[in-house]
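Lettering of chains follows the sequences in order, A, B, ..., and the numbering in each one begins at 1.
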Amino acid sequence: MFGDGILKGLAETARNFFGSYRSKNRLTTIQYPEERLPQIEAARSFPFLVYDGADWQQGMRCVACQICEKECPPKCILIKKSADKKPDATGKLQAYPAVFDIDISVCMSCQICVEVCPFDAIKMDVDYDLPTADRFAGLLLDKQKLSKSNQYYHQIHPTEAAAVDAALAAERAAAAAKAKAAADAAAAKAAAPAPAPQVQPAGGEPR
Amino acid sequence: MTQTLDQIFVIAKAWLLGYLPVAARPLASAVLCVIAIVITFPLLFAITTWLERKGLGRIQNRLGPNRTGPFGLFQPIADAIKSLTKEDIVPLTADHAVHFLAPLLLVAAAFLAYAVLPVGRNMVLVNLNAGVLFFFAVGSVVELSVFMAGWSSRSKYSLLGAMRAIAQMISYEVPLVLATVAVIMQAGSLSTVDIVNQQATYTHTLPHWFVFTPWGFVGFVLFMIAATAESNRSPFDLPEGESEIIAGYYIEYSGFKFALFFLGEYLGMFATSGMAITLFLGGWAAPFSFLTWIPSYVWFFLKLLALIGFFIWIRGTLPRLRMDQLMNLAWEFVLPMALLNMLVAGVWHFMPHGLLRWLVCTAIVAIPCILLAAGLKRKKKFQVRTYQFAE
Amino acid sequence: MTAAFLILATLTVAGTAAAMGLRNAVHCVLALTVGFAGVAALYLQLDAQFVGFTQVMVYVGAVAILAVFAIMMTHSPTPVPLPAYSRHWLAGSIVAAAVFAVLAWAIRAGSTSAPCLPPQPGISVQQIGDALMHRYVLPLEIMGLLLTAALIGAVVIAMDRKEESK
Amino acid sequence: MSSLQSYLLLSALLFSIGLAGALTRRNAILVLIGIELMLNAANLNFIAFWRYGPTPSKLTGIMFAIFSISVAAAEAAVGLGIILAAYRHSKTTDLDQMNSLKG
């Protein structure tokens, strides 16, 4: 019959219309500021700098190696190396960035800086609610605004943070073991030269 | 008591006129009626925009505006303020005089159409002897304003949109007029008040609306199809399809003039659905005889809201028609059916009352309708599209 | 010579003069519609409602749009700046002025006895319908024939014959 | 100056404006519009004489005006059809240039 397609369509929209009043779960609207969609774990918005411990300046992992600055496609990272050094997590003296600016109006959240960072110092944040009145200074985040604690990192990306911490811990353990081994070797070498004159053919240094 | 309630506006007007000198009375009564129309229908326009957005939302399983006020009731006010405060940009190469006049002419023509609509028992602005003809004469002025808008903006999209809109409006005005001719033949008069008075009688609780006759129902369906096309709405909104040519003829308008175009379009829709109610749905007549204690104007506006709801429902459902489908439907289905409808109205008039009349008339209408529909369906064979220039 | 008549007369004359005088063709047609609307209002003033509304519907609604469509279709891509008037415009306007002078003189010299305004005829559409159907039924049928012929003729003339243009 | 004479004067003026337009304009469409105006002026005469005539109930004036309006509409349609065909043939609507009878 001519027009039956139209009638079927009308019936469908009528069912939708009255259904939306009967059962609330038909409605897909999320009232944004009040209700929010649950954040999926792999979500990302803009990068932030991770620091261990309490003090954000001392615990900052970033050693200002400027790899991320060179790798960033839209060139939105600016790093100035510091003159002096500070001890990093493993106690080794490392440089740190005096100035670390990211212009989030330019940043395209591509996460390349996170992938190239050898020290896991920069990770992707999930907070997208960054309204500012001033579109220049307001969107240029300096070192202090960028740095957030490791606990926060665990909050937003739990699995990833755990994996990074495990790797860092293993790395520190290896470094500590190597350092200890080197220290033992140095100590052994210091002790060895004393008896060296008596036992010449000792067959080389003990490894 | 119900009589006074029904005539409350007429009495109020007479009471107000009492204060004026006799010489100024005719002019003052006209001014009062005009003020009433100019207030109620834009108000209805505001309510309809809210209804439309909430209705379309609910049809598409979403809420619709609910931020501005309870249930989003202040949304029309927000829209009005937004469009009034927006900057009114006129393109540099535009033809300023014509560009300025187009929306005014559109809204003026839309308002003129209300002069002959009987809103309630003896509540019509002017009881013209040739009321329906006046309505269509004013309706044809709208096409001129559409052209003025499209041409004066001097942009390809607006001219293309204007040409499409005019082609569509002209090819659907013919069936619109022919659908009313059937009613005029039956009612025997062009005056809208007579048409409604004939429909206001009852046979033991059932009304004599024209829509309850075979030719009346077909006429009503054809009238609604043509009315949707005439006001460029829903399945026929190709001229202003956002995806096709952005906004058609009112693309170069912004701010207040854009709001005027919207007002003109909605007023046109109310006017044609008002005429559909007057011609087919018994104007201000109550649906059943035991309901006549409710004032007459309430019935008119209830039916108007029902038709507006139907327009919104159609807009939420039907996809947009292509230009050739639109024209095919007009010249190959709606027009022949309108001509046939006139024949059926004639047969209905001369045959004696009874079941035979019903059978004959419905047969005369139904069979060609199925054949024409089959014709339209057979045309839908999808062959490989041949490009004329892009070989 | 009532005030309403004067206003409508000036409106109509202004519209038609602009229609014949303006340079841009589309402006001419728009001014023409003002002239037609003025004439329609004059019909209403002469209590010929039916003819007034038919005039608006036929002329303002259809003929003006038709003229505008024709202008759009014959809009030459390079609008060569021709003077709007033909070469012998002077002769034309003299002839027109002469015609007007003769007509005006004839009217003034005509029956000076001012016929008093007869009572309002109160013509109803019913009477026009009866007249059309009874006394003028032959012209009505011929008019239907003529309009159909014109409809088909216009389409055939303006149809873009494929084989011819190949 | 009775009102009938004023209507006649007005329609004479309209007629002469239409005639002037038809004679002097270069664009074919505007010539056609001039002719439409002349027809309109004639209609105005019919209705004026009907209104001030002795027997308004005989409706002759109105009938003439109605038939003249429909003839004018038919004539406008065919006229514009001819103009379109001429334009397609000679690529111009300028009457002064359409003076060659060769095909």
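A donor atom on one side chain and an acceptor atom on the other are not found under 3.5 Å apart for D:Q5 and D:Y52.
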**OP:** Could you give me the CA-CA distance, side-chain angles and deciding distance for C:V60 and C:Q55, then say whether side-chain contact (heavy atoms from CB on, under 4.5 Å) is met?
**Re:** CA-CA 7 Å; C:V60 175; C:Q55 156 98 354; 5.9 Å; no
**OP:** Test D:L80 against D:I29 for side-chain contact (heavy atoms from CB on, under 4.5 Å), laying out the working first.
**Re:** CA-CA 7 Å; D:L80 289 167; D:I29 295 168; 4.3 Å; yes
Original post:
Stepwise, does the side-chain contact (heavy atoms from CB on, under 4.5 Å) test hold for D:L39 with D:E75?
Top reply: CA-CA 11 Å; D:L39 280 166; D:E75 173 263 338; 3.8 Å; yes
**OP:** Test side-chain contact (heavy atoms from CB on, under 4.5 Å) on D:R51 and D:L4 and set out the steps.
**Re:** CA-CA 9 Å; D:R51 178 67 181 78; D:L4 173 61; over 6 Å; no
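Taking C:S93, C:A91, C:A96, C:G35 one by one and counting their heavy-atom pairs under 4.5 Å with chain D, the maximum is reached by C:A96. Note on C:W89, C:Y136, C:F69: by heavy-atom pairs under 4.5 Å with chain D, the leading option is C:Y136. Heavy-atom pairs under 4.5 Å with chain C were tallied for D:N27, D:V78, D:I47; the largest tally goes to D:I47. Of the listed residues (C:D47, C:L147, C:V39, C:V99), the greatest number of heavy-atom pairs within a distance under 4.5 Å of chain D belongs to C:D47. For the options C:L22, C:T54, C:T2, heavy-atom pairs under 4.5 Å to chain D are most numerous at C:L22. Between chain D and the options C:V29, C:L42, C:I94, heavy-atom pairs under 4.5 Å are most frequent for C:L42.
Neither the backbone nor the side chain of C:L151 has a heavy atom closer than 4.5 Å to any heavy atom of chain D. Neither the backbone nor the side chain of C:I142 has a heavy atom closer than 4.5 Å to any heavy atom of chain D. Proximity to chain C involves both the backbone and the side chain of D:I17, based on heavy atoms less than 4.5 angstrom apart. Looking at C:L66, both its backbone and its side chain come within 4.5 Å of chain D, counting heavy atoms on both sides. For chain D, the nearby parts of C:I128 are the backbone and the side chain; heavy atoms of each come within less than 4.5 Å. Looking at D:I69, both its backbone and its side chain come within 4.5 Å of chain C, counting heavy atoms on both sides. With a 4.5 angstrom heavy-atom cutoff, D:R25 touches chain C via backbone and side-chain atoms both. Contact annotation for D:L10: only side-chain heavy atoms (C-beta onward) come within less than 4.5 Å of a heavy atom of chain C. Residue C:V13 touches chain D through both its backbone and its side chain, counting heavy-atom pairs closer than 4.5 Å. At a 4.5 Å heavy-atom cutoff, the contact between D:L8 and chain C is made by backbone and side-chain atoms alike. Interface residue D:F15: only side-chain heavy atoms are found under 4.5 Å from chain C. For chain C, the nearby part of D:L14 is the side chain; its heavy atoms alone come within less than 4.5 Å. C:A104 touches chain D through backbone and side chain together, each having a heavy atom under 4.5 Å away. Looking at D:T60, the atoms closer than 4.5 Å to chain C (heavy atoms on both sides) sit in the backbone and in the side chain alike.
Rounded to the nearest 0.5 Å, atoms OH (D:Y7) and CG (D:L44) are 8.0 Å apart. If you take OG on D:S3 and CG on D:L9, they are separated by 12.0 Å, rounding to the nearest 0.5 Å. Between the CD1 atom in D:I35 and the CG atom in D:N40 there is a gap of 13.0 Å [rounded to 0.5 Å]. Summarising the geometry, atom CG belonging to C:L44 is positioned 6.5 Å from atom CD belonging to C:Q49; distances are rounded to the nearest 0.5 Å.
Checked by atom type and distance alone, the side chain of C:Q45 never pairs as donor or acceptor with a backbone atom of C:A4 at under 3.5 Å. Proximity of a side-chain donor or acceptor of C:Q127 to a complementary backbone N or O of C:S124 within less than 3.5 Å is detected.
Using bins of under 30°, 30° to 60° and over 60° for the plane-to-plane angle, the ring pair C:Y59/C:F36 lands in the tilted bin.
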